[in-house]
Peer 1: 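Take this structure first; my questions come after.
In the text below, chain A, chain B and the rest are named by the order of the sequence lines, each starting its count at 1.
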Amino acid sequence: MNPWPVVLADLRALRWVAWIAPLLVAIAVSVGVALSAQERGLRQATAQAASDFDLLIGAPGSQTQLVLTTVYLQPEALPLVDGAILAALANDPRVKAAAPIAFGDVSRGYPIVGTTAAFVTRWDRIKPSEGRIFAREGEAVVGADVRLAVGDAITPSHAHAGQRHPFGIESPEEARHRHEGVRYAVVGRLPRFGSPWDRAILVPVESVWETHGLGNGHAAEEGPIGPPFDGAQAPGVPAIVVKPNTVADAYALRGQYRQGGTMAFFPAEVLVSVYRTLGDVRDLLLVAAVLNDVVVFAAAAILLLALAGLRRRRYAVLRALGASRLYVVLTAWLGAVAILAAGCAAGLALAQLTSLAVIQLIEARTGLALPAAIALPDALPIVGLLALGSLLALMPALAAFRIPVADALRHG
Amino acid sequence: MRSSDVYEGAAAPSRLSVEGLGVDRIEAGRVACAILSDIQFVLEPGATAAVTGPSGAGKTTLLYAVAGLVRPDRGGVRWGGSDIAAWPERRRDRWRRDAVGLVFQDFQLFPELGVVDNILLPTRFDRVRSPAALRERARALAERVGVAAVTPRRRALAWRAAAGRGGARPHPPACPAPCRRADRKPRSGEWSTGRRYFVGDGKRDTRDLADRVA
């Protein structure tokens with residue numbers, strides 16, 4: 001038994017409807033899939049970007065803002081935490097490493113972040129893809145997406161909180177606030193993190209302090225850069241990233257620095273809360289998307305049911321020529337399933353295209369590299385939807401099953 | 001080539017006998033009138049017959065009853081002595097596929113399929129692919145009736161294609177259509193050498209083809 005020749009003939013007979021019906025299904029399906037893929041991708045990308053920030057210490061305020069500014073480099077004025085804590089952390093046996101993160105300057109739209117060489121290599125996890133890490137004040141390492149070459153020289157400008165600068169060009173606003181006399185030489189480039197740090201220019205924190213007339217954080221005027229910092233000399237910093245030795249140490253440090261004029265937290269805590277909200281919104285939108293899908297599938301099934309009515313005579317001819325009821329049922333059912341399946345497949349492709357476009361958009365706006373679009377968990381609900389659609393497609397098939405042949409031959 | 005070879009496993013030619021056949025018109029669940037009553041005839045293999053009558057006389061109902069598409073209210077249709085109404089539906093389907101060729105008044109071809117695929121369509125009812133030999137024979141049959149290279153859209157050619165589909169059986173075709181334009185269609189002997197008998201609803205040209213006119 002091979003109903004496909006008739007199924008294909010039926011589809012050809014539909015002409016443009018055979019294209020429009022799957023297209024409508026595809027659009028409906030793609031919304032839910034793209035939504036699920038984006039939300040998952042955003043989670044993965046944001047979690048990945050935060051993975052090197054074990055414990056954050058900052059001045060009391062908004063934890064979310066501290067994460068946004070430190071991990072995702074969204075510029076905002078943050079209260080400063082006492083620089084003496086840097087020295088205390090350096091001597092704390094529970095701390096494997098600690099690095100100050102200082103913001104405030106910008107060059108050609110790229111934020112300049114002052115930190116230590118150890119944090120630039122993410123605690124020795126990565127190596128520069130080109131050149132080397134800074135070794136003295138006045139040297140800079142650029143992120144993978146910064147359009148500066150090793151050997152270039154830049155002059156930082158003072159950035160204003162909340163202000164966005166176009167990447168790669170010096171805006172007039174930036175030119176007006178240039179720190180004349182301060183220059184950084186680019187000595188290296190980092191591999192891609194897939195995070196906003198790919199668009200940052202990393203310099204020794206001492207240079208940032210000195211640029212703003214705050215000294216260099218060390219007792220001596222001249223000397224090696226990096227920790228240990230002098231407790232009395234180190235200026236305040238917006239954030240300190242701490243890598244604890246053990247999980248127990250992490251919780252102990254978090255407890256200790258939650259009092260006495262500082263706050264300490266794991267970025268994951270903030271992310272989990274953000275994810276919860278994001279998840280709630282996603283669930284709401286997914287419910288709407290699924291309802292949308294069901295409505296479109298039901299509409300498609302009704303359309304196919306109406307078609308089966310119009311094809312009564314065609315099916316009756318098949319029966320008159322000797323086709324069994326099963327053959328006619330299969331013909332009607334496979335035709336409907338083919339339209340729905342084509343719609344689902346096109347929907348997945350459409351969702352992939354949409355996701356790729358949104359990924360580009362998100363990356364352009366935030367620097368977060370979302371993982372490649374659709375994954376199996378996003379597509380699985382479509383299998384369920386297709387199963388439901390196949391059940392709905394039984395309606396036109398059963399209508400074809402019940403056709404009284406002689407009557408349909410005569411009256412259509 | 002014999003067109004009867006197109007379908008393998010076709011039912012053997014048998015005597016067709018219609019005995020006391022009666023079919024009622026049912027309206028609102030009640031018998032409104034008799035469409036056919038006490039129809040009797042016997043057709044031996046190879047015989048040709050035409051049925052004539054005015055519109056509404058029951059010619060089509062008779063043909064559908066003979067083809068097993070309408071269940072008789074009285075009497076029956078026997079194929080080689082066996083009452084087709086007593087057969088399971090699947091057997092009747094298979095018998096229609098193998099032994100009956102229907103050519104419809106308005107042809108009822110699938111215009112999206114080519115002529116050859118229209119002719120071969122019933123072979124797909126019980127097999128996945130039409131064997132190459134069958135396809136070749138169907139093509140030869142289409143060429144024989146002069147429609148091999150056309151899509152079955154033009155009316156005159158559609159008749160030939162429909163006749164080809166109906167004629168691709170060993171005992172075809174039962175034809176409920178007024179067979180117009182007989183002068184333009186191939187003579188029956190040319191396109192259906194396997195013809196055993198012909199039941200039509202005879203206008204002049206249909207009658208010309210028949211051995212018997214009723």
Side-chain angles (χ1 to χ4, degrees), chain A residues 1-19 21-22 304 307-336 338-339 342 397-398 400-412, chain B residues 7 10-11 23 25-26 35 60-71 88-114 116-130 162 165-166 168-169 172-174 176:
Chain A
M1 185 182 297
N2 182 2
W4 283 110
V6 183
V7 170
L8 294 178
D10 282 352
L11 290 176
R12 275 204 290 273
L14 283 177
R15 295 162 190 260
W16 58 270
V17 175
W19 295 100
L304 296 166
L307 267 179
L310 292 174
R311 287 185 180 145
R312 271 166 58 91
R313 193 152 198 204
R314 209 165 151 107
Y315 295 144
V317 168
L318 287 175
R319 296 276 289 120
L321 292 175
S324 61
R325 278 185 201 266
L326 180 64
Y327 185 89
V328 175
V329 164
L330 273 179
T331 299
W333 184 70
L334 285 175
I339 285 180
L398 290 178
F401 180 86
R402 296 163 60 90
I403 283 175
V405 181
D407 191 47
L409 280 175
R410 231 190 287 239
H411 307 296
Chain B
Y7 290 98
V23 175
R25 180 190 305 280
I26 308 293
I35 303 170
T60 305
T61 303
L62 171 61
L63 295 177
Y64 286 166
V66 167
L69 296 171
V70 168
R71 178 173 283 271
E89 189 176 46
R90 287 178 68 86
R91 185 176 172 192
R92 266 200 308 279
D93 291 338
R94 188 171 177 80
W95 169 73
R96 243 190 339 272
R97 184 168 70 224
D98 294 342
V100 180
L102 282 170
V103 180
F104 298 95
Q105 186 164 0
D106 47 3
F107 319 129
Q108 292 296 334
L109 293 162
F110 287 72
E112 302 81 15
L113 298 175
V116 170
D117 283 328
N118 262 287
I119 292 173
L120 284 171
L121 183 57
T123 66
R124 302 300 187 87
F125 296 162
D126 62 352
R127 59 177 90 212
V128 175
R129 291 179 62 86
S130 307
R165 186 172 68 185
R169 291 163 181 72

Peer 1: Should we say atom CZ of B/R71 is surrounded by more than 12 heavy atoms from elsewhere, each under 6.0 Å from it?
Peer 2: no
Peer 1: Could you state the interatomic distance from CG (A/L8) to CG (B/L113), rounded to the nearest 0.5 Å?
Peer 2: 8.5 Å
Peer 1: Show the numbers, then the answer: is there a side-chain contact (heavy atoms from CB on, under 4.5 Å) between B/Y64 and A/V405?
Peer 2: CA-CA 9 Å; B/Y64 286 166; A/V405 181; over 6 Å; no
Peer 1: Under a 4.5 Å cutoff for heavy-atom pairs, which residue among A/A320, A/A316, A/P3 has the most contacts with chain B?
Peer 2: A/A320
Peer 1: Taking B/D117, B/T61, B/V70 one by one, which has the highest count of heavy-atom pairs under 4.5 Å against chain A?
Peer 2: B/T61
Peer 1: Which pair of non-hydrogen atoms, one from B/E112 and one from A/A9, has the smallest distance, and what is that distance?
Peer 2: CG-O, 3.3 Å
Peer 1: With sequence neighbours left out, write down each residue that passes side-chain contact (heavy atoms from CB on, under 4.5 Å) with A/W19, or none if nothing qualifies.
Peer 2: none
Peer 1: Which pairs would a plain distance check flag for residues 322-336 of chain A, meaning a side-chain donor or acceptor within less than 3.5 Å of a matching protein atom at least two apart in sequence or in another chain?
Peer 2:
from: A/S324; atom 1: OG; to: A/Y327; atom 2: N; distance (Å): 3.2
from: A/R325; atom 1: NE; to: B/E89; atom 2: OE1; distance (Å): 2.8
from: A/R325; atom 1: NE; to: B/E89; atom 2: OE2; distance (Å): 3.1
from: A/R325; atom 1: NH1; to: A/F401; atom 2: O; distance (Å): 2.6
from: A/R325; atom 1: NH2; to: B/E89; atom 2: OE2; distance (Å): 3.0
from: A/Y327; atom 1: OH; to: A/N2; atom 2: O; distance (Å): 3.0
from: A/T331; atom 1: OG1; to: A/Y327; atom 2: O; distance (Å): 2.8
from: A/W333; atom 1: NE1; to: A/S390; atom 2: O; distance (Å): 2.8

Peer 1: Any chance you could measure B/F110, atom CZ, to A/D10, atom CG, to the nearest 0.5 Å?
Peer 2: 7.0 Å
Peer 1: If you measure from CZ on B/R92 to CZ on A/R319, what distance do you get to the nearest 0.5 Å?
Peer 2: 8.5 Å
Peer 1: If you define the side chain from C-beta out and look only at heavy atoms, does anything of A/W4 sit under 4.5 Å from B/V128?
Peer 2: no
